Amino acid sequence: MENQRINGNDLLAIGYQENHAMGVALKINKKRLGFTREEMLVTFKAVLEQPESYLHDPVFKPLAEVLLSIDTLEDETIALKEEALNYAVYGAEHIEDGAKKQMHVAMKLPVTVAGALMPDAHQGYGLPIGGVLATNNAVIPYGVGVDIGCRMALSVFDLPAEYLNTHHDTLKNVLKHSTRFGAGHGFLRHERTDHAVLDHSLFETHDFIRSLKDKAWTQLGSSGGGNHFVEFGIMEFASADATLGVAPGKYLALLTHSGSRGLGATIAGHYTKLAKEICKLPYEAQHLAYLDLHTAEGQEYWLAMNLAGDYASACHEVIHDKIRKALGAELLTKVENHHNFAWKEQFEGEEVIVHRKGATPAGKDTMGIIPGSMATLGFLVRGKGEETAINSASHGAGRLMSRTQAIKTLSATDLKTLLEDQGVTLLGAGIDEAPMAYKDIHTVMSAQTDLVDIVATFSPKIVRMADDGSRED
DNA sequence: ATGTGC
C-alpha cells in the first residue's frame with residue numbers, strides 16, 4: 001500500500017491540527033509529484049516544524065505560508081457557536097453519519113435558525129444533499145448547491161397508458177430527437193429555442209452574467225448529465241384529485257429532471273468563491289460560507305440564483321412543449337418544483353431564508369414530485385406543511401452507493417434483467433444510475449408520511465439519460 | 001452537478 005492516499009488522520013498523527021493548513025496539505029498531497037507516501041509524510045512533518053525553510057519550495061510553499069499565518073487567519077475567522085442547535089431527522093436509521101456530521105456543523109453557524117435532514121440525505125459539499133437550513137438574512141451558495149434551480153417537471157397527457165404500447169417507437173424517437181444530454185452539450189445554432197428568460201435584464205446589465213448568455217441560449221432545453229433524465233411513464237391516479245381535476249385512471253406522462261446547466265454552475269462557482277473570500281469560517285465549516293443579504297454581493301447572488309432558477313424552469317418548459325407538440329397531446333395537468341434553491345419563507349412567524357439542497361418544498365398543499373429511479377416508482381405528492389421539517393420532504397430515493405462504488409460493484413446483467421422485468425426501455429445511462437445504487441424509495445416514503453401525502457404514482461417506461469461518462473450529442 | 005483547475 002505504498003501509494004495509499006494520505007488522509008486527515010495521518011496528518012493529525014504527525015502533529016497537524018484540523019484547520020486550513022490541513023486542507024492545504026491534503027490538496028498538495030493530491031498532486032504527489034513523484035514523492036512516495038513516506039517521503040510526503042516526512043516532509044509534511046518537517047514543514048510543520050520549520051515552515052520558514054519551505055517558503056521558497058515550489059511544492060510546499062503554500063503550506064508553509066498558511067502555517068506561518070494560521071494565527072492571523074484564525075483571528076479573522078467567524079466563530080461557530082459552541083452548541084449546535086437541534087434539528088429534525090427523518091428516517092435517521094438509513095442516513096449515513098457523514099451527512100449528520102455536516103448538518104451538525106451547519107447548526108453551529110451564527111446565522112442558522114433551524115435545520116432538518118430528509119430521509120434521502122447523504123454527504124455532500126458543505127450542506128448535505130437532503131439538508132434543509134433556515135438562516136437569518138444570509139444565503140449560503142453551497143447550501144443551494146452547484147446545480148442551482150435543479151428541479152422536476154411533470155406533464156400528464158390526455159392519452160391513455162396504452163399509448164406506451166401502441167406508440168412505443170414513436171415515443172422513443174420523440175425522446176431522442178427532442179432532448180440533448182451530456183456535460184457541455186447543447187443545441188446547434190439553428191436548433192436553438194427562444195424564450196423570455198433570455199431577455200432577463202441581468203443578461204444585459206451584469207457583465208459576468210452577460211458573458212454567459214450565449215452558452216445559456218445554446219443549452220436552453222438541454223438536460224446535462226449525471227442523474228438527469230427525460231422519461232415517459234404511466235401516471236396512475238388511484239382516486240380523483242379535486243385540486244388537479246384529474247379523473248382516476250392511468251395516463252401517459254412525461255417526467256423530467258434537470259437544472260440550470262452551465263449557467264447555474266458558473267454562477268454557483270463564482271459566488272461560492274466570493275462568499276469564501278468574504279466569510280471566513282473555521283476549516284470544518286469553510287464550504288458553508290454565507291453572504292449577508294444586506295450586502296451588494298448577497299443581493300447580487302440572490303438575483304443571479306433566481307435567474308438560474310428561472311432558466312432551469314425554462315429548460316423544462318422547452319422540453320415539455322416540444323414533446324407535447326410532437327405528440328399532439330393535450331395537457332391534463334402539470335406540476336413542477338425546484339429542489340436545489342433558497343427561498344424567503346415564514347418560519348415560526350419570522351421571515352427566514354430556507355435553503356433546500358436536494359429537498360422538495362412541502363408547505364401545506366404545495367405539490368411536488370419525488371422520483372424513485374429509472375425502474376422504480378416516483379410520486380406526485382402534496383405537502384402537509386410540517387414546520388419541524390421546515391416545510392420540506394425528500395427529493396428522491398437518495399444514493400445508497402457512490403458512483404465509483406456502483407461502477408465497481410454492480411452488474412450490467414442484473415440491471416438488464418431488472419429493466420426487462422419492469423418493462424423499462426433505457427436510452428443511455430451508465431451503471432452508476434442503476435436502481436440498485438439507490439435506496440428503496442418505499443422505505444424513504446414511509447419515513448416521511450408526516451411530511452407529504454401521496455396523490456399519484458409514476459412508473460417510468462422509456463427513460464433517456466446521458467451516456468456513460470456523460471459524453472453524448 | 002459542471003466542459004476544467006492554484
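Source: prediction; values computed, not measured.
- Between the OH atom of A:Tyr142 and the P atom of B:dT2 there is a distance of 14 Å, given to the nearest Å.
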Exercise. Between A:Arg356 and A:Glu345, does a salt bridge (Lys or Arg N to Asp or Glu O under 4.0 Å) hold up when you go through it step by step?
Worked result: CA-CA 12 Å; A:Arg356 293 188 181 88; A:Glu345 288 180 13; 2.9 Å; yes
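- Backbone-only contact: A:Gly262 has heavy atoms under 4.0 Å from sugar-phosphate atoms and none from a base.
- The nearest whole Å value for the distance from the OH atom in A:Tyr125 to the C1' atom in B:dT2 is 14 Å.
- In this structure, the NE2 atom of A:His228 is 11 Å from the P atom of B:dG3, given to the nearest Å.
- With sequence neighbours excluded, no residue satisfies salt bridge (Lys or Arg N to Asp or Glu O under 4.0 Å) with A:Arg324.
- Nucleic acid contact class of A:Gln219 (heavy atoms, under 4.0 Å, all strands): sugar-phosphate only.
- For A:Arg399 and A:Tyr438, the positive end sits near the middle of the six-membered ring, less than 6.0 Å away and at most 45° from its axis.
- Here B:dC6 presents its P atom at 17 Å from CG of A:Asn29, a figure rounded to the nearest Å.
- Between the NE2 atom of A:His270 and the C1' atom of B:dG5 there is a distance of 17 Å, rounded to whole Å.
- Computed from coordinates, the A:Asp147 CG to B:dT2 C1' distance equals 8 Å when rounded to whole Å.
- Distance from the side chain of A:His185 is smallest to B:dG3 among B:dC6, B:dT2, B:dG3.
- Among residues at least two apart or in separate chains, ring pair (Phe, Tyr, Trp, His ring centres under 6.0 Å) pairs with a member in residues 37-58 of chain A are A:Phe44-A:Phe60.
- Residue order along DNA chain B, read from the 5' end via each residue's closest nucleotide, puts A:His257 first among A:His257 and A:Pro62.
- With rounding to whole Å, A:Lys273 atom NZ is found 17 Å from B:dT2 atom C1'.
- A straight line from CG of A:Leu212 to P of B:dT2 spans 15 Å, rounded to a whole angstrom.
- Among the heavy atoms of the strands, none lies under 4.0 Å from A:Lys30.
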